[in-house]
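Working notes, structure below.
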Amino acid sequence: AALVAILVSLAPQQVQAVARVQSICTLDGQQPVTLRGTGIVVGLNGTGDPVTSAATVRAFAQYLSRSNNPVSPQEIKDTSGVAVVEITVQIPLRGISNGQKIDCQISALNGAKSLEGGFLISSPLGLAVGQVNQVMALAAGSLLIEDRVNPTTARIPTGAIMQKTIEMNVLRSVGRNGEKKEIRLLLKRPFASFTVAREVERAV
C-alpha cells in the first residue's frame, strides 16, 4: 500500500514531471480476473426476448422448475417480459474478499428490445476460464440503464456478492529456501524509458 503513494520525479530531456508509482507500474502477480454467468431478467414491459426464442423458453421453464413451480416449455406462451442475459464482473487488481459486493454488467443475449425496468433473479457467477463450475459470486438486483441509445445493456451497482475470496499473489518467496520475500514492480510501458525504471528504483 505504501508503494502506490510514492511520488516519483521524472526528468526526461530536462522536463520535470510527477507521477504516482501506481500510474506507471503494476505489481507482478496482479492480473485481470473476470467472472461471468448467464441469468434471467424478469419484469420487462413487453420488451423481453421474442416468444419464438426457444432458448429463453427453455431457460425460463428450468428456472420455474427450480423454484418448485415446474412447467413444460409448451406451457409458457409469452416470454416478452423475460430476457436471458450475460452477466460479467471485473475483479479489481487488488483482489476481493468473500462477502464483499461489486458492480456487475448485464447484456441481453436473445434479442430483447430493452432491459429497462428489469430485475435480475439470483444467478451464479464463475471464473471465465479455469474452474468454471465453481460459484465465485451471486448476482441479483434491479437493472440501471446507463445508455438510453442502447437499452439492451445495463449495470447493477453492487449487484454481485462474493462467495469466495480472490487474492492477487504479489508477495513472492525468493532465495535458496524461500526465506526472503519480494514484491516486483512492472512498468506498464517497459520499453518507454530506462530513465523511468531507474527513477522508480531510486524512489522505492
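Atoms considered below: every heavy atom in the structure, side chains included; atoms not considered: hydrogens, waters and symmetry mates.
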So which heavy atom on E167 is nearest to which on T165, and how close?
CG-CG2, 3.7 Å

Within a radius of less than 6.0 Å around CZ of F119, do more than 12 heavy atoms belonging to other residues, nucleotides or ligands occur?
yes

So do the side chains of T153 and L115 get within less than 4.5 Å of each other, counting heavy atoms only?
no

Does any part of the side chain of L44, heavy atoms only, come nearer than 4.5 Å to the side chain of V82, both counted from C-beta?
no

To the closest 0.5 Å, what do you measure between CZ (R155) and OG (S107)?
13.0 Å

State, to 0.1 Å, how close I91 and I166 come at their nearest heavy-atom pair, and which atoms those are.
CG1-CD1, 3.9 Å

Are there more than 12 heavy atoms of other residues, nucleotides or ligands under 6.0 Å from atom CG of N45?
no

Please determine whether residues L127 and L125 belong to a single hydrophobic cluster, defined as Ile, Leu, Val, Met, Phe, Trp and Tyr linked transitively by side-chain heavy-atom distances below 4.5 Å.
yes

Would you confirm whether T47, through its side chain, and S114, through its main-chain N or O, come within 3.5 Å as a donor-acceptor pair?
yes

Find out if a path of hydrophobic residues (ILVMFWY) with successive side-chain heavy-atom gaps under 4.5 Å connects V51 to V57.
no

Distance-only donor-acceptor check, side chains T34 and Q90, under 3.5 Å:
yes

Closest approach of I76 to L64 (non-hydrogen atoms, all atoms of both residues)
CD1-CD1, 4.3 Å

Within one Ile-Leu-Val-Met-Phe-Trp-Tyr cluster: V84 and L35, side-chain cutoff 4.5 Å
no

Test item: side-chain donor near acceptor, N110 and T56, under 3.5 Å:
yes

Side chain S123, main chain I121, donor-acceptor under 3.5 Å
yes

Out of curiosity, L144 CG to E116 CD, how far, rounded to the nearest 0.5 Å?
9.5 Å

State, with a plain yes or no, whether a side-chain heavy atom of K101 is found less than 4.5 Å away from one of M162.
no

Working for side-chain contact (heavy atoms from CB on, under 4.5 Å), residues D103 and V89
CA-CA 7 Å; D103 294 0; V89 168; over 6 Å; no

Consider side chain to side chain contact (heavy atoms under 4.5 Å, CB included). Of V41, T38, I106, which one does I87 pass it with?
I106

Does the side chain of N150 come under 3.5 Å of the side chain of T152 through a donor N or O and an acceptor N or O?
yes

Donor-acceptor check, side chain of S67 to backbone of Y63, threshold 3.5 angstrom: yes or no?
yes

